[in-house]
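Along the sequence shown, the residues carry numbers beginning at 1.
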Amino acid sequence: MGLYDKIFKPKKLVLANGKVVEERCSRAPLIIVLLVIATWISVKVTGFSMTTLVTRIRFFFDILAQMFPPKVGYISSIWGPLFDTIKMSLLGSFVGGVLAIPFAILASSNLIKNKVVIGVVRVFLSIVRTIPTLVAALIATYIWGLGTMAGTFAIAVFTFAYVGKQLYEMIETVDMGAYEAMEAMGAGKAYSFISAIMPQVLPAYMSVCLFCFEGNVRYAAILGYVGAGGLGLILNEKIGWREYDSVGMILIVLFGTVLIIEAISHYIRKKLT
C-alpha cells in the first residue's frame with residue numbers, strides 16, 4: 001500500500017456475494033495539485049506575464065495584416081527553394097526510415113534477448129532524438145557546407161530517431177506465434193521476421209514514415225535559417241528586409257504544398273490499410 005493510500009484510506013465495499021473489496025481513493029486531486037504547483041513554478045521561472053501577452057498581442061496581427069494581400073509576382077522565385085525543401089524532406093525521410101529498421105529490431109525485447117544490446121540501442125535512439133533538428137542542420141553545415149545536403153542530413157537524423165522508437169514499440173506488440181512457428185520449422189531469423197512480423201507492422205510503419213514526411217516538409221522550411229537550403233533561406237531573407245507581402249506569398253505556397261502532400265499521404269495510408 002502506497003503513502004497516498006495510507007493517508008486516504010480506501011473505502012470498503014461489500015459485494016452481493018458477501019465478498020469485501022477495497023476501492024482506492026482517486027489520484028485526481030493529487031495530480032491537479034501537482035499540476036498547479038508545476039504551472040506556478042513555470043510562470044515564476046519563465047517570467048510569464050499575462051498583462052504583457054494581452055497588451056502586445058496586437059503586434060502579431062499588425063505583422064499578419066502586412067502579409068496580405070501577398071505579393072503574387074514573387075511566386076516565380078519560390079518554386080526553386082520549394083522543390084529543394086520537398087527533395088530534402090523526401091530523401092531525408094526515406095534514408096532515416098530505412099536506417100531505423102535494423103536499430104528497431106535490435107531494440108525489440110521480443111526478438112533480442114541480450115538486455116545489454118537492447119539497452120545500448122535504446123539509449124542511442126534516445127540521445128539522437130534529443131538533438132534538435134536545427135542543431136543537427138547547423139552541425140551539418142560545418143561538415144558539408146551550406147546547402148540542401150545539410151538539411152537532408154538533419155531531416156534524416158530526426159526521422160531515424162522518431163521512426164526507430166515507434167517501430168520497435170510496434171514490433172514488441174505483434175503476435176509472435178507465426179514467427180516462433182517458422183523458427184521451429186527451421187527457418188532463419190531473418191526470413192521468419194520478413195515473413196511473419198514485417199506484414200504485421202508494415203502498414204503502421206509506412207503510416208509513421210508518411211507522417212514524418214508530412215512534418216518534415218514543414219520543418220525543412222525553417223532549416224534555411226542556419227544555411228541548410230530550401231524555403232528557409234528566402235523566408236529568413238524576406239523577414240529580415242521586412243518584406244512581409246513576400247513572406248505571405250511564401251507561407252501560402254507552403255500551406256498549399258503541405259495540404260497536397262497530406263492528401264496524397266492520406267490516400268496512400270488508406271490503400272495500405
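Side-chain contact between Asp245 and Pro69: absent, with no pair of heavy atoms (C-beta onward) separated by less than 4.5 Å. For the pair Tyr168 and Arg122, the minimum side-chain heavy-atom distance is below 4.5 Å. Between Thr141 and Met149, the closest side-chain pair of non-hydrogen atoms is not below 4.5 Å. Taking 4.5 Å as the limit, every side-chain heavy atom of Leu233 sits out of range of all side-chain heavy atoms of Pro81. Ile105 is listed as a side-chain neighbour of Ile101, based on a closest heavy-atom distance under 4.5 Å. Between Glu214 and Val258, the closest side-chain pair of non-hydrogen atoms is not below 4.5 Å. Inter-residue side-chain proximity for Ile139 and Phe153 is flagged as unmet; no heavy-atom pair is nearer than 4.5 Å. Looking only at side-chain heavy atoms (C-beta outward), Trp79 and Val253 come within less than 4.5 Å of each other.
Hydrophobic clustering (ILVMFWY, side-chain heavy atoms < 4.5 Å, transitive): Leu167 and Ile268 are in one cluster. At a threshold of 4.5 Å between side-chain heavy atoms, the hydrophobic network of Ile, Leu, Val, Met, Phe, Trp and Tyr places Val120 and Ile131 in two separate groups. Both Met249 and Ile63 are members of a single hydrophobic cluster when ILVMFWY side chains are connected at heavy-atom separations under 4.5 Å. Both Met198 and Leu210 are part of a single hydrophobic cluster, where members link through side-chain heavy atoms under 4.5 Å apart. Under the 4.5 Å side-chain heavy-atom criterion for grouping Ile, Leu, Val, Met, Phe, Trp and Tyr, Met67 is connected to Phe61 within one hydrophobic cluster.
Ile171 and Asn110 get closest at one heavy-atom pair: O-ND2, 2.9 Å. Closest heavy-atom contact between Gly164 and Ala104: O-CB, 3.7 Å. Ser89 approaches Asn216 most closely through the heavy-atom pair OG-O, 3.2 Å. For the residue pair Met88 and Gly151, the shortest heavy atom distance occurs at SD-CA, 3.6 Å. Between Ile118 and Ser108, the shortest heavy-atom distance links the atoms CD1-O, 4.2 Å.
A donor-acceptor pair is defined here as one N or O able to donate and one able to accept, closer than 3.5 Å; such a pair exists between the side chain of Glu172 and the backbone of Ser109. A donor-acceptor pair is defined here as one N or O able to donate and one able to accept, closer than 3.5 Å; such a pair exists between the side chain of Thr173 and the backbone of Met170. Using modelled atom types, one side-chain atom of Thr55 and one backbone atom of Thr51 make a donor-acceptor pair closer than 3.5 Å. Under the 3.5 Å distance criterion, the side-chain polar atoms of Thr159 are left unmatched by any main-chain donor or acceptor of Ala156. No donor-acceptor pair closer than 3.5 Å links the side chain of Ser93 to the backbone N or O of Leu90. Side chain of Thr148 to main chain of Asp84: no donor-acceptor pair is present (N/O by atom type, distance under 3.5 Å, no hydrogens or angles). At distances below 3.5 Å, at least one donor-acceptor pair connects side-chain atoms of Gln200 with backbone N or O atoms of Ala196.
Screening Arg58, Met50, Arg56 against Val54 for a side-chain contact (heavy atoms from CB on, under 4.5 Å) leaves a single residue, Met50. A side-chain contact (heavy atoms from CB on, under 4.5 Å) with Phe124 is found for one member of Val128, Val121, Ile127 and no other, namely Val128. Each of Ile250, Val247, Ile252, Ile75 was compared with Pro70 under the side-chain contact (heavy atoms from CB on, under 4.5 Å) criterion, and only Ile252 meets it.
Dense packing is recorded around OH of Tyr74, with more than 12 heavy atoms of other residues, nucleotides or ligands lying under 6.0 Å away. More than 12 heavy atoms of other residues, nucleotides or ligands sit less than 6.0 Å from atom CZ of Arg129. More than 12 heavy atoms of other residues, nucleotides or ligands shown are found within 6.0 angstrom of CZ on Phe68. Other residues, nucleotides and ligands contribute more than 12 heavy atoms inside 6.0 Å of the CZ atom of Phe59.
Phe213 is linked by a ring pair (Phe, Tyr, Trp, His ring centres under 6.0 Å) to nothing, counting only residues two or more places apart in sequence or in another chain. For Arg218, the salt bridge (charged side-chain N to carboxylate O under 4.0 Å, His left out) partners are Glu262, not counting sequence neighbours. Residues that satisfy the ring pair (Phe, Tyr, Trp, His ring centres under 6.0 Å) test with Tyr219, not counting sequence neighbours, are Phe158.
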Exercise. Please assess Tyr162 against Gln166 for the test side chain to side chain contact (heavy atoms under 4.5 Å, CB included), listing each intermediate value before the final yes or no.
Key: CA-CA 6 Å; Tyr162 181 82; Gln166 294 291 324; 4.0 Å; yes

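Aromatic ring centres of Phe103 and Phe160: separated by under 6.0 Å.
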